[in-house]
Amino acid sequence: MPTEINGHPTVELGNGALITACAECGRLRTILFLTKDRWFCTTCRTQGVTAPNLYPVS
Amino acid sequence: MAEIFPNEGLDLIYAGFPQGGTGPANTWLGLFTAYTASTVGSSAAVIASWSEVSNAGAYTRQTISSSSWGTVGTTQSGRGSGAAQVTFSTATAVWGTVNGFFVANSLTNAAGKVYFGANFDDTTAVVVNTNDVIKVTPSWIYTG
């Protein structure tokens with residue numbers, strides 16, 4: 001399983017290590033979820049990536 | 001977000017310094033379901049207190065090598081360090097509601113002693129369902 005994805009947002013720490021950030025908000029989070037080829041934090045995963053594809057009708 | 005070095009973890013740390021023991025080459029990252037998304041166990045907590053995710057559905061503790069811990073730096077409340085991000089295997093069954101992570105001295109599920117436990121930084125419980133893949137960044141802080 002690849003753990004590094006080309007073009008994915010990362011943040012470099014002082015020791016040169018690259019930490020994967022949320023692909024939506026760019027924040028460093030303790031936990032990230034993989035959706036297709038992007039890592040998302042809990043909030044963006046539920047609100048941004050998998051938002052309900054529904055529209056209000058009257 | 002809450003975090004704690006329970007007594008058994010502090011005992012292990014004392015055994016290394018100042019008592020002169022040899023530090024571990026590896027520690028292991030686990031996930032707990034006890035407590036809440038913003039609370040952790042007490043000082044008296046032991047491994048059973050944390051209710052680790054069951055050793056099924058491809059869940060296993062992940063190894064953190066000592067060399068993967070990064071440079072120690074100043075935080076708002078002390079000196080902290082983070083290890084390289086750890087990716088768990090794809091869940092092949094529901095792991096349940098996870099409230100945070102712990103760092104232990106054993107690879108074996110529900111065994112060993114916990115050095116440190118903490119909630120996720122967004123204080124949100126996560127449900128790990130079948131086919132989910134998660135990546136966790138362990139870190140801890142020694143306060144002065």
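Here is how names work: the chains are called A, B, and so on, in the same order as the sequence lines, proteins then strands, and each is numbered from 1. Just so it is clear, the model here is predicted, and its values are computed rather than measured.
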Chemist: Would you mind reporting whether A:L32 and B:Q85 have side-chain heavy atoms less than 4.5 Å apart?
Modeler: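 In short, these two side chains touch, coming nearer than 4.5 Å.
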
Chemist: Under 4.0 Å between a Lys/Arg side-chain N and an Asp/Glu carboxylate O for B:D132 and A:R45?
Modeler: yes

Chemist: B:F116 and B:W50: same hydrophobic cluster, using ILVMFWY side-chain contacts below 4.5 Å?
Modeler: no

Chemist: Does a sphere of radius 6.0 Å around OH in B:Y14 hold more than 12 heavy atoms from other residues, nucleotides or ligands, not counting ones at 6.0 Å or beyond?
Modeler: no

Chemist: What part of B:V127 gets closer than 4.5 Å to chain A, counting heavy atoms only: side chain, backbone, both or neither?
Modeler: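 The backbone, not the side chain.
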
Chemist: Can you find a pair of side-chain heavy atoms, one from B:V126 and one from A:F33, that are under 4.5 Å apart?
Modeler: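 Sidechains of A:F33 and B:V126: in contact.
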
Chemist: Between B:V133 and A:W39, is a side chain to side chain contact (heavy atoms under 4.5 Å, CB included) present by the stated rule, with each step listed?
Modeler: CA-CA 9 Å; B:V133 181; A:W39 292 96; 3.7 Å; yes

Chemist: Would the distance check show the side chain of A:T30 and the main-chain N or O of B:D121 forming a donor-acceptor pair, the cut-off being under 3.5 Å?
Modeler: yes

Chemist: Tell me whether B:V72 shares a hydrophobic cluster with B:I141, the cluster being built from Ile, Leu, Val, Met, Phe, Trp, Tyr side chains joined at under 4.5 Å.
Modeler: no

Chemist: When rounded to the nearest 0.5 angstrom, what distance separates CZ in A:R29 from OG1 in B:T137?
Modeler: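 Reported to 0.5 Å precision, the distance equals 11.5 Å.
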
Chemist: Given A:L34 and B:K135, is the side chain to side chain contact (heavy atoms under 4.5 Å, CB included) satisfied, shown in steps?
Modeler: CA-CA 8 Å; A:L34 184 65; B:K135 185 193 286 277; over 6 Å; no

Chemist: Quick one: do B:V53 and B:F32 end up in the same hydrophobic cluster if we chain Ile, Leu, Val, Met, Phe, Trp and Tyr together by side-chain heavy atoms under 4.5 Å apart?
Modeler: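 No.
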
Chemist: Using the rule that Ile, Leu, Val, Met, Phe, Trp and Tyr join whenever any side-chain heavy atoms are under 4.5 Å apart, tell me whether B:I64 and B:F120 fall into a single cluster.
Modeler: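 B:I64 and B:F120: one cluster.
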
Chemist: Taking a hydrophobic cluster as the set of Ile, Leu, Val, Met, Phe, Trp and Tyr residues connected by side-chain heavy atoms closer than 4.5 Å, whether directly or through intermediates, do B:F102 and B:W69 fall within one such cluster?
Modeler: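 No.
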
